[in-house]
S.K.: 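Got a structure for you, questions after.
Everything numeric here is computed off the predicted structure, so don't read it as measured data.
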Amino acid sequence: MKTYKVVVTDYEYNTFEPEEKVLAQLGIQLILTQCQTEEEVINSCHDADALINQYAPITRNVIENLKQCKVISRYGVGYNTIDVDAATEKGIIVGNVTDYCLDEVSDHAMALLLSCARKTVLLNNEVKSGNWDYKVSIPIFRLRGRTLGLVGLGNIPQSVAKKAQAFGLKVIAFDPFIPKEIAKQLNVELVTLEELCEQSDYLSVHAPLNEHTKGMISYQQFKKMKKEAFIINTSRGPVIEEGALIEALQTGRIAGAGLDVVEIEPIDKSNPLFTMDNVILNPHVAWYSEESEMELKRKTAENVLDVLKGYYPSYLVNKNVKEKVRLKDQ
């Protein structure tokens with residue numbers, strides 16, 4: 001049996017039991033590294049057969065220096081750390097995991113929305129500082145009958161829509177790629193981005209980060225929003241132009257924000273968002289539960305196993321790589 005070299009480029013995890021169990025089918029032992037730069041990735045991975053990636057940069061330069069890599073599998077839904085075009089050109093399959101945390105992220109988006117709407121974090125901090133006075137939270141508006149706008153209507157925001165509707169929220173969405181039939185089945189009205197910003201009392205961002213979505217919520221969008229509106233982000237920080245967000249919050253153009261992600265992570269204490277009472281900050285945790293982490297690790301490794309066994313993975317990002325790489329369909 002051929003011995004394969006599979007390298008984890010970087011990680012935040014304490015155990016690799018799920019990956020090891022999957023890859024043991026081919027007798028593979030994971031090589032764990034903590035690469036932060038292109039040079040470190042190249043040095044550690046130039047002769048690898050497969051990469052498992054979290055945040056390390058898998059740029060065109062890195063990919064051009066991979067001598068025998070067949071597959072790059074990323075821990076997560078997004079794949080903005082990987083130059084997918086460069087990988088495709090070289091015949092390297094890119095995999096992700098699209099369905100491991102649907103409930104976790106949609107639950108977290110709702111948790112941030114409810115915390116902003118009911119101002120629970122502000123009130124908690126006031127009580128713990130010795131101030132027992134509900135009036136510090138004025139104004140709070142009834143949820144039922146208000147409007148939630150979703151930026152994107154993929155799997156996660158579809159789950160958000162169902163949960164929000166249970167609270168009596170009207171749900172609208174901007175997603176130029178979603179079929180109208182799906183939106184209709186969900187009882188979600190499709191609108192333009194401008195209409196979304198104008199109509200939403202709560203705006204929840206679920207767009208993937210790419211060249212088209214980076215900064216898509218910026219100064220012009222905040223100018224359209226209601227002064228009592230809150231923005232929620234559980235996708236990627238750079239989808240929102242952070243300078244525009246800070247200005248909108250500082251000038252009272254919007255009421256507040258619930259952010260699981262920011263432009264640069266971890267957030268610097270000098271960032272104005274850090275000291276705003278109307279901003280809830282979480283450390284990119286929406287994806288996490290004990291169950292979702294184990295599922296993510298297992299499925300990320302299964303992408304690698306599939307390719308090394310001669311199959312296209314279940315979660316194939318660059319489908320046009322099939323023009324260069326002939327594997328079996330599962």
S.K.: Could you walk me through whether Thr59 and Asp83 pass side-chain hydrogen bond (donor to acceptor under 3.5 Å, both in side chains), step by step?
M.R.: CA-CA 5 Å; Thr59 61; Asp83 189 323; over 6 Å; no

S.K.: Apply side chain to side chain contact (heavy atoms under 4.5 Å, CB included) to Asn65 and list each qualifying residue two or more places apart in sequence or on a separate chain.
M.R.: Ile42, Asn61

S.K.: Determine, for Glu17 against Lys297, whether the closest basic-nitrogen to carboxylate-oxygen distance falls under 4.0 angstrom.
M.R.: no

S.K.: Who are the ring-ring contact (aromatic ring centres under 6.0 Å, His included) partners of Tyr100, not counting sequence neighbours?
M.R.: none

S.K.: Can you list, by chain and residue number, the hydrophobic cluster partners of Leu123 when the side-chain cut-off is 4.5 Å?
M.R.: Val136

S.K.: Considering residues, nucleotides and ligands other than Gln34, do more than 12 of their heavy atoms fall under 6.0 Å from its CD?
M.R.: yes

S.K.: Can a cation-pi geometry be assigned to Lys328 and Tyr312, taking NZ or CZ under 6.0 Å from the six-membered ring centre and within 45° of the ring axis?
M.R.: no

S.K.: Any salt bridge between Lys322 and Asp329, counting N to O under 4.0 Å?
M.R.: yes

S.K.: What do the steps show when you test Asn96 against Thr98 for side-chain hydrogen bond (donor to acceptor under 3.5 Å, both in side chains), and what is the final call?
M.R.: CA-CA 6 Å; Asn96 63 344; Thr98 59; 5.5 Å; no

S.K.: Quick one, Gln330 with Asp306, criterion side chain to side chain contact (heavy atoms under 4.5 Å, CB included). Give me CA distance, side-chain angles, the key distance, then yes/no.
M.R.: CA-CA 9 Å; Gln330 297 193 64; Asp306 287 342; 3.0 Å; yes

S.K.: Output every pair passing salt bridge (Lys or Arg N to Asp or Glu O under 4.0 Å) with a member in residues 185-202, not counting sequence neighbours, ordered by first then second residue.
M.R.: Arg146-Asp201, Lys170-Glu189, Glu194-Lys224, Asp201-Lys226

S.K.: Would you list the atom pairs, donor with acceptor, under 3.5 Å between side chains in residues 273-283 and any protein atom, with sequence neighbours excluded?
M.R.:
| unit_1 | atom_1 | unit_2 | atom_2 | d |
| --- | --- | --- | --- | --- |
| Thr275 | OG1 | Pro272 | O | 3.3 |
| Asn278 | ND2 | Ala255 | O | 3.0 |
| Asn282 | OD1 | His108 | NE2 | 2.8 |

S.K.: Before you tell me yes or no, could you show the steps for Thr33 and Val8 under side chain to side chain contact (heavy atoms under 4.5 Å, CB included), namely the whole-Å CA-CA distance, both residues' side-chain angles and the distance that decides it to 0.1 Å?
M.R.: CA-CA 6 Å; Thr33 62; Val8 179; 5.7 Å; no

S.K.: Could you give me the CA-CA distance, side-chain angles and deciding distance for Ile254 and Phe222, then say whether side chain to side chain contact (heavy atoms under 4.5 Å, CB included) is met?
M.R.: CA-CA 7 Å; Ile254 63 173; Phe222 285 114; 3.9 Å; yes

S.K.: Applying the side-chain contact (heavy atoms from CB on, under 4.5 Å) test to Arg236, which of Val77, Asp260, Asn210, Asn80 qualifies?
M.R.: Asn80

S.K.: In plain terms, say whether Lys70 and Asp49 are close enough for a salt bridge, that is, a side-chain N and a carboxylate O under 4.0 Å apart.
M.R.: yes

S.K.: Working to the nearest 0.5 Å, report the span between OH of Tyr311 and CG of Asn303.
M.R.: 15.5 Å

S.K.: With rounding to the nearest 0.5 Å, note down the distance linking OH in Tyr202 to CG in Leu148.
M.R.: 9.5 Å

S.K.: Check this for me: Ile264, atom CD1, are more than 12 non-hydrogen atoms of other residues, nucleotides or ligands nearer than 6.0 Å?
M.R.: no

S.K.: Tell me, do Thr81 and Pro57 make a side-chain contact under 4.5 Å, heavy atoms counted?
M.R.: no

S.K.: Can you spot which of Leu30, Val7, Asp10 makes a side-chain contact (heavy atoms from CB on, under 4.5 Å) with Ile52?
M.R.: Leu30

S.K.: Less than 4.5 Å apart, side chain to side chain, heavy atoms only: is that true for Ile28 and Leu308?
M.R.: yes

S.K.: May I ask you to check whether over 12 heavy atoms, not counting those of Lys214, lie within 6.0 Å of atom NZ?
M.R.: no

S.K.: Check the pair Tyr315, Lys299 against side-chain hydrogen bond (donor to acceptor under 3.5 Å, both in side chains), reporting the backbone distance first and the verdict last.
M.R.: CA-CA 9 Å; Tyr315 304 93; Lys299 289 182 174 179; 3.2 Å; yes

S.K.: Who are the ring-ring contact (aromatic ring centres under 6.0 Å, His included) partners of Tyr11, not counting sequence neighbours?
M.R.: Phe16

S.K.: How about CG on Asn14, more than 12 heavy atoms from neighbouring residues, nucleotides or ligands closer than 6.0 Å, or not?
M.R.: no

S.K.: Which is it for Tyr13 and Glu19 under the side-chain hydrogen bond (donor to acceptor under 3.5 Å, both in side chains) test, yes or no, and what are the steps along the way?
M.R.: CA-CA 12 Å; Tyr13 307 118; Glu19 297 95 323; over 6 Å; no

